[in-house]
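Order of the sequence lines fixes the chain letters, A, B, ..., with proteins taken first and strands second; residue numbering starts at 1 for each chain. Every value quoted in this text rests on a predicted model; they were computed, and no experiment measured them.
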Amino acid sequence: MSKEESLNFLEHIIEQDLDSGYNNNDLRFRFPPEPNGYLHIGHASAICLNFGLGEKYNAPVNLRFDDTNPTKEEQEFVDAIKRDIEWLGYVWAEELYASDYFQQLYDWAVEFIREGKAYVDSQTSREIADQKGTPNEPGKESPFRNRPVEESLELFEKMKNGEVGEGEHVLRAKIDMASGNMLMRDPVMYRVLHKHHHRTGTDWKIFPMYDWTHGESDYIEQVSHSFCTLEFLPHRELYDWFLDQVYSEGKMRPKQREFARRNLSHTVVSKRKLARLVEEGVVSGWDDPRMPTISGLRRRGYTPESIRNFADSIGVGKRENLIDVSHLEYNIREDLNKKAKRVMAVLNPVKVLITNYPEGQEELLEAENNPEDEQAGNRTIPFSGELYIEREDFKEEANRKFFRLTLGKEVRLKNAYIIKGEKVVKDNEGNILEIHCTYDPDSRSGSGTEASMRKVKGTLHWVSVKHALPIEVRLYDRLFTDPAPDGHKEKDFMEFINPDSLNTITAFGEPSLDDLEVEDKVQFQRLGYFTVDRDSTDARKVFNRTVPLRDSWAKLADL
RNA sequence: UGGCCCAUGGUGUAACUGGCAACACGUCUGAUUUUGGUUCAGAAGAGUCUAGGUUCGAGCCCUAGUGGGCCAACCA
């Protein structure tokens, strides 16, 4: 890798380790989700971080499910997580489960008891919590702290065999009830849970806690760098303590390092809050295109590349952050600009009659599929004397800044002819029913005539009425009106729901849209990028708006 | 109240062992354009939370303060 590029602080750590004796072959990372929900954009950046490091250093990255709490975990989530990571385009070295290590962890724990490093506590969780003290005052030692080793051993065995009920006993590490770090005050290592585990079934009645599991799992897998979010920083001392007890010379000693979770504006990401959106029907499900879940983003039309580029471009740090969605939107536009086929669709139609176009005539006009990609080729679009254009593209009279159709002025119909507004037909209420225009027969795009080369300010997209394909279009906008909906202490995040986050309309598209398949992505010219939703039927296609095009006119038009 | 972490343009990051603040997004000009898109050229915008200190020299080091975050689940 070039020394020119700047490294983020995690890469600096790795580089330092490499300089101080680590072998490149020693490097190994992991992404350790708990299978208790769907992955979201926050996970995506952690995935890109770990797997990105794996690609950069040519090191293996394991996918390890942190499945130590059977009350919350399900196989369904394991499958969904794997699917999402694969979709992002990453390949894990090994698929592993913390539950694979239950026996090893148990054996170590028994060893701990024998060595007086752990004991069975028979108090209630309440009592234990009360004795914990506060960050200011030291905790009190449990009356069971010095119970005989044999007794702890026996009770632990009973816990394991399911002979004791949930909550009756726990195994605690004997560390320091006066530690300034609350996590070091004799943390619970095991609790009894008579629950079905998605992988171990009913084999185990005791389940190891996160702290006891995570570092040891890293150690078993010989992970070199265990990157996690900042809230785990206080856990590091315990992570290291547990590691010290089992570490043997010559092995890789995993290193936990923490980075700031990256927050995206105008959304929420906590599982509880996302669940509320689903339960209260604000969205249609976990993969609603407005959801920040990976499945939601996928359905919205985001590409894996755009998400990866986004994650790379925002970097990592250790400070609180709120990344504006515009960064994400930039990345999807940039990707789709190169890839998406251009097509025409009219969302808010008004009829245009070309009065001097021969009655009943139709023709097929040639159109470029993507000006950014020569390989994309051309297609044909049917043209006739009766068209739809966007209602916003016409004004009876307008100032010089309005580069669109007005009476007496010419505009180009994309890939077709130059037309001139002649008159407007209205109903009794003054609503525009149709606009009469004349066209310049010599001005056909690509015909090479002098008239076809004429420069007119303004080009409109259109669809021939007779050939128009009715489609359903779902116009999505950000789900929340506030950049940090859950950042207000006094207010519930639900108060910031954007009432206009979804606008479903019927629109008209050019006939070629009928050939598209689910998840195909196109640019509706002058409007935005759209993708075919799985709700599409043979009778009617459904398009989700991924993101509108940048629109420098919108700002002026508002004035 | 104790401990720990953090603090650089509107946003996110960068600045290798101290050498006069960079990149991306966003914003604004202009050019090009059969997408008010794209592309291209350019501009504005921070003197690095504050106050001291060390140093020839500090965003980088030290001290204190201020502000924000984290920590007292048999969750991860």
**Prompt:** Distance between the C1' atoms of B:rU55 and B:rA76, in whole angstroms?
**Reply:** 47 Å
**Prompt:** Partner of B:rA72 by Watson-Crick or G-U wobble geometry, both contacts under 3.5 Å, or none?
**Reply:** none
**Asked** Under 4.0 angstrom, heavy atoms only, what part of the nucleic acid is A:Glu372 near: base, sugar-phosphate, or nothing?
**Response** base
**Prompt:** Contact class for A:Asn181 (heavy atom, under 4.0 Å): base, sugar-phosphate, or nothing?
**Reply:** nothing
**Message:** Taking the C1' atom in each of B:rU33 and B:rC40, what is the distance between them to the nearest angstrom?
**Reply:** 11 Å
**Fill in**
Only residue of A:Leu171, A:Leu105, A:Thr68 satisfying side-chain contact (heavy atoms from CB on, under 4.5 Å) with A:Trp212 is A:Leu105
**Request:** With P as the reference atom in both, quote the distance from B:rA64 to B:rC4 in angstrom, rounded to an integer.
**Result:** 11 Å
**Message:** Given the structure, check if the side chain of A:Gln523 and the base of B:rU35 hold any donor-acceptor pair shorter than 3.5 Å.
**Reply:** yes
**Request:** Output yes when A:Arg126 and A:Asp130 qualify as a salt bridge under the 4.0 Å nitrogen-oxygen rule, no when they do not.
**Result:** yes
**Request:** Check step by step if side chain to side chain donor-acceptor pair (under 3.5 Å) holds for A:Thr459 and A:Arg526.
**Result:** CA-CA 9 Å; A:Thr459 302; A:Arg526 302 211 300 135; over 6 Å; no
**Message:** Please classify the nucleic acid contact of A:Phe524 as base, sugar-phosphate, or nothing, using heavy-atom distances under 4.0 Å.
**Reply:** nothing
**Distance-only donor-acceptor test, A:Arg412 side-chain atoms vs B:rU34 base atoms, 3.5 Å** = yes
**Prompt:** Considering only the P atoms, how many Å lie between B:rG3 and B:rG65, rounded to the nearest integer?
**Reply:** 10 Å
**Message:** What contact category does A:Val456 fall into here, base, sugar-phosphate, or nothing, at under 4.0 angstrom with non-hydrogen atoms?
**Reply:** nothing
**Asked** Side-chain donor or acceptor of A:Arg404 under 3.5 Å from a matching atom on the base of B:rG36?
**Response** yes
**Message:** Tell me if B:rG47 is syn or anti. Syn = glycosidic torsion within 90° of 0, anti otherwise.
**Reply:** syn
**Request:** Please work out if A:Asn415 contacts a base, only the sugar-phosphate, or nothing of the nucleic acid, heavy-atom cut-off 4.0 Å.
**Result:** base
**Request:** Remember a base hit wins even if backbone is also touched, and classify A:Pro33 as base, sugar-phosphate or nothing at under 4.0 Å, heavy atoms.
**Result:** nothing
**Request:** Would you indicate what A:Phe403 reaches in the nucleic acid, counting non-hydrogen atoms under 4.0 angstrom: base, sugar-phosphate, or nothing?
**Result:** base
**Request:** Pick base, sugar-phosphate or nothing for A:Leu549, based on heavy-atom distances below 4.0 Å to the nucleic acid.
**Result:** base
**Prompt:** Base, sugar-phosphate, or nothing for A:Thr134, non-hydrogen atoms under 4.0 angstrom?
**Reply:** base
**Prompt:** What nucleic acid atoms does A:Glu137 come within less than 4.0 Å of, heavy atoms only: base, sugar-phosphate, or nothing?
**Reply:** nothing
**Prompt:** Distance between the C1' atoms of B:rA22 and B:rU34, in whole angstroms?
**Reply:** 39 Å
**Plane angle bin for A:Tyr239 and A:His214 - parallel if under 30°, tilted between 30 and 60°, otherwise perpendicular** = tilted
**Item:** A:Ser226 and A:Arg30 side chains, donor-acceptor separation under 3.5 Å
**Value:** yes
**Asked** How would you label the contact of A:Gly446 with the nucleic acid (heavy atoms, under 4.0 Å): base, sugar-phosphate, or nothing?
**Response** base
**Prompt:** So what does A:Ser552 touch, heavy atoms closer than 4.0 Å: a base, only the sugar-phosphate, or nothing?
**Reply:** sugar-phosphate
**Asked** Base, sugar-phosphate, or nothing: which does A:His12 touch, judged by heavy atoms less than 4.0 Å apart?
**Response** sugar-phosphate
**Asked** Partner of B:rU29 by Watson-Crick or G-U wobble geometry, both contacts under 3.5 Å, or none?
**Response** B:rA41
**Prompt:** So what does A:Lys414 touch, heavy atoms closer than 4.0 Å: a base, only the sugar-phosphate, or nothing?
**Reply:** base
**Message:** Between B:rG59 and B:rA15, how many Å separate the two C1' atoms, rounded to a whole number?
**Reply:** 9 Å
**Message:** Tell me if a side-chain donor or acceptor on A:Arg191 pairs with a main-chain N or O of A:Phe207 at a distance below 3.5 Å.
**Reply:** yes
